[in-house]
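The chain is numbered in sequence order, starting from 1.
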Amino acid sequence: MGAIASNASAGLQISLLFCFLVAAFAAHFYDDFRITWGEDKAKILNNGDLRTLSLDKISGSAFQSNKQYLFAKIDMQIKLVPGNSAGTVTAYYLSLLHFLSSQGQYHDEIDFEFLGNSSGHPYILYTNVFSQGKGNREEQFYLWFDPTADFHSYSILWNPQRIFFYVDGIPLREFKNLAWMGIPFPTYQPMKLYSILWNADNWATRGGLVKIDWTQAPFNASYRNFDDSNACVSYWGPTTSCTTSGTRGGWFWQTLDYSDQGKLKWVQDNYRIYNYCQDTKRFPQGLPPECYISTNN
């Protein structure tokens with residue numbers, strides 16, 4: 001165990017040599033992202049302040065960030081596909097690999113996915129963490145509001161100790177760095193931010209039983225107020241360290257205070273509908289070791 005901890009610490013120090021803090025006071029879709037799929041269906045509006053993705057029977061659409069991050073707090077406001085969105089998925093995530101690439105043994109990803117549903121039924125918010133090709137860490141939630149009626153903020157906070165998922169500033173999930181136990185944690189590899197709106201009706205709604213109603217197409221999701229001002233941007237070269245004064249004591253070392261622990265418990269008690277750490281059928285040989293670590297440790 002000592003060797004694992006020593007190696008992780010050394011690797012972290014090396015990784016931090018390749019990143020630096022970026023203070024981006026006004027993010028802009030023209031400057032910060034590029035379209036990667038369905039170019040005619042991905043639009044930039046309001047002088048670069050608003051991005052929309054669209055899905056029809058021909059194809060979906062997607063964009064990715066121009067920057068790659070090695071630890072970050074990323075905020076985006078999203079308004080999801082309204083009405084009968086069954087079969088559609090709007091994904092918003094950090095990933096080492098492009099969404100069309102093979103998810104190999106080194107794959108890292110921090111994942112929000114919004115699974116559409118029939119009109120009048122709630123979206124399912126799916127979260128997952130991949131590190132070194134290991135996933136199977138899903139938690140799923142209902143939301144306490146209609147995510148199609150207005151914009152809401154969805155945030156990923158990834159620092160060397162923890163990963164947090166936030167909705168409107170409320171934490172709904174925490175994933176700790178337990179590399180000292182041999183549990184992979186994304187520490188060494190920069191990731192880009194992606195979003196994609198796509199046809200997933202083979203699995204997304206009731207396990208694929210409910211298909212997309214193409215008479216409702218096109219389906220549209222909207223994005224605004226992207227913020228990566230609290231982020232370490234990696235250029236794979238000798239730059240200033242991410243542990244500058246801008247990160248000390250802030251998001252780079254963030255934990256949950258007493259108030260946020262209460263909010264986390266409220267969400268998980270009332271809105272979490274699936275937790276891999278309770279799925280003994282999926283793990284008949286025993287739950288993953290991190291499931292036995294209290295979130296308060």
Please determine, by modelled atom types, if [X] and [Y] share a side-chain donor-acceptor pair under 3.5 angstrom.
X      : Y      : answer
Asp227 : Ser229 : yes
Tyr274 : Asp279 : yes
Asn84  : Gln216 : no

Shortest non-hydrogen separation from [X] to [Y] and the atoms involved:
X      : Y      : result
Ile170 : Lys263 : CG2-CB, 4.0 Å
Val210 : Ser118 : CG1-OG, 3.9 Å
Leu172 : Phe141 : O-CZ, 3.2 Å
Gly116 : Tyr123 : CA-CE2, 3.7 Å
Lys211 : Asn202 : NZ-CA, 3.9 Å
Thr88  : Ala204 : O-CB, 4.3 Å

Determine, for Phe175 and Arg137, whether the Lys NZ or Arg CZ falls below 6.0 Å from the six-membered ring centre while staying within 45 degrees of the axis.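 So Arg137 doesn't make the cation-pi contact.
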
Within 45° of the axis and under 6.0 Å from the centre of the six-membered ring of Phe33, does NZ or CZ of Arg51 qualify?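 Judged by the rule, Arg51 and Phe33 form no cation-pi pair.
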
Working for side chain to side chain contact (heavy atoms under 4.5 Å, CB included), residues Tyr188 and Asp108: CA-CA 10 Å; Tyr188 313 112; Asp108 289 350; over 6 Å; no

Given Tyr93, which partner from the list Phe130, Tyr194, Tyr126 fulfils the ring-ring contact (aromatic ring centres under 6.0 Å, His included) test?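 Filter result, single survivor: Tyr194.
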
Using ring-ring contact (aromatic ring centres under 6.0 Å, His included) as the criterion, point out the one residue from Trp198, Tyr154, Tyr142 that pairs with Phe114.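 Of Trp198, Tyr154, Tyr142, ring-ring contact (aromatic ring centres under 6.0 Å, His included) with Phe114 is met by Tyr154 alone.
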
If Ile, Leu, Val, Met, Phe, Trp and Tyr residues are connected whenever their side-chain heavy atoms lie under 4.5 Å apart, and connections chain through other members, are [X] and [Y] in the same group?
X      : Y      : answer
Tyr271 : Tyr166 : yes
Ile156 : Phe151 : no
Leu45  : Phe219 : no
Val129 : Tyr292 : yes
Trp251 : Leu256 : yes

Would you call the rings of His152 and Phe145 parallel, tilted or perpendicular, where under 30° means parallel and over 60° means perpendicular?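 Ring orientation of His152 relative to Phe145: parallel.
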
Do [X] and [Y] come close enough that some side-chain heavy atom pair is under 4.5 Å?
X      : Y      : answer
Asn159 : Trp253 : no
Glu113 : Gln140 : no
Cys277 : Phe283 : no
Lys41  : Leu55  : no
Asn225 : Ser153 : no
Leu264 : Phe164 : no
Leu143 : Leu125 : yes
Tyr69  : Lys192 : no

Donor-acceptor pair, side chain of [X] and main chain of [Y], under 3.5 angstrom:
X      : Y      : result
Asp49  : Arg224 : no
Ser61  : Leu53  : no
Asn177 : Phe185 : no
Ser195 : Ala91  : yes
Asp201 : Ile212 : yes
Asn199 : Lys57  : no
Asp75  : Asp228 : no
Trp158 : Leu94  : no
Thr127 : Phe112 : no
Thr205 : Gly87  : yes

Quick one: do Ile110 and Phe165 satisfy side chain to side chain contact (heavy atoms under 4.5 Å, CB included)? Show the steps, please. CA-CA 9 Å; Ile110 303 170; Phe165 296 81; 3.6 Å; yes

To the nearest 0.5 angstrom, please state how far the [atom1] atom of [X] sits from the [atom2] atom of [Y].
X      : Y      : atom1 : atom2 : answer
Tyr92  : Ser155 : OH    : OG    : 6.0 Å
Gln161 : Leu178 : CD    : CG    : 12.0 Å
Ser85  : Asn117 : OG    : CG    : 6.5 Å
Trp266 : Trp144 : CH2   : CH2   : 5.5 Å
Leu193 : Ile74  : CG    : CD1   : 6.0 Å
Met191 : Gln68  : CE    : CD    : 11.0 Å

Counting only heavy atoms from other residues, nucleotides and ligands, does the tally under 6.0 Å from [atom1] of [X] exceed 12?
X      : atom1 : result
Leu209 : CG    : yes
Lys265 : NZ    : no
Asn47  : CG    : no

Glu138: which of Arg282, Arg173, Arg272 passes salt bridge (charged side-chain N to carboxylate O under 4.0 Å, His left out):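 For Glu138, the salt bridge (charged side-chain N to carboxylate O under 4.0 Å, His left out) test succeeds with only one of Arg282, Arg173, Arg272, which is Arg282.
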
Does the side chain to side chain contact (heavy atoms under 4.5 Å, CB included) test come out yes or no for Cys291 and Gln278, once each step is laid out? CA-CA 8 Å; Cys291 296; Gln278 298 173 349; over 6 Å; no

Check: Tyr223 ring centre within less than 6.0 Å of Phe29 ring centre: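 No.
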
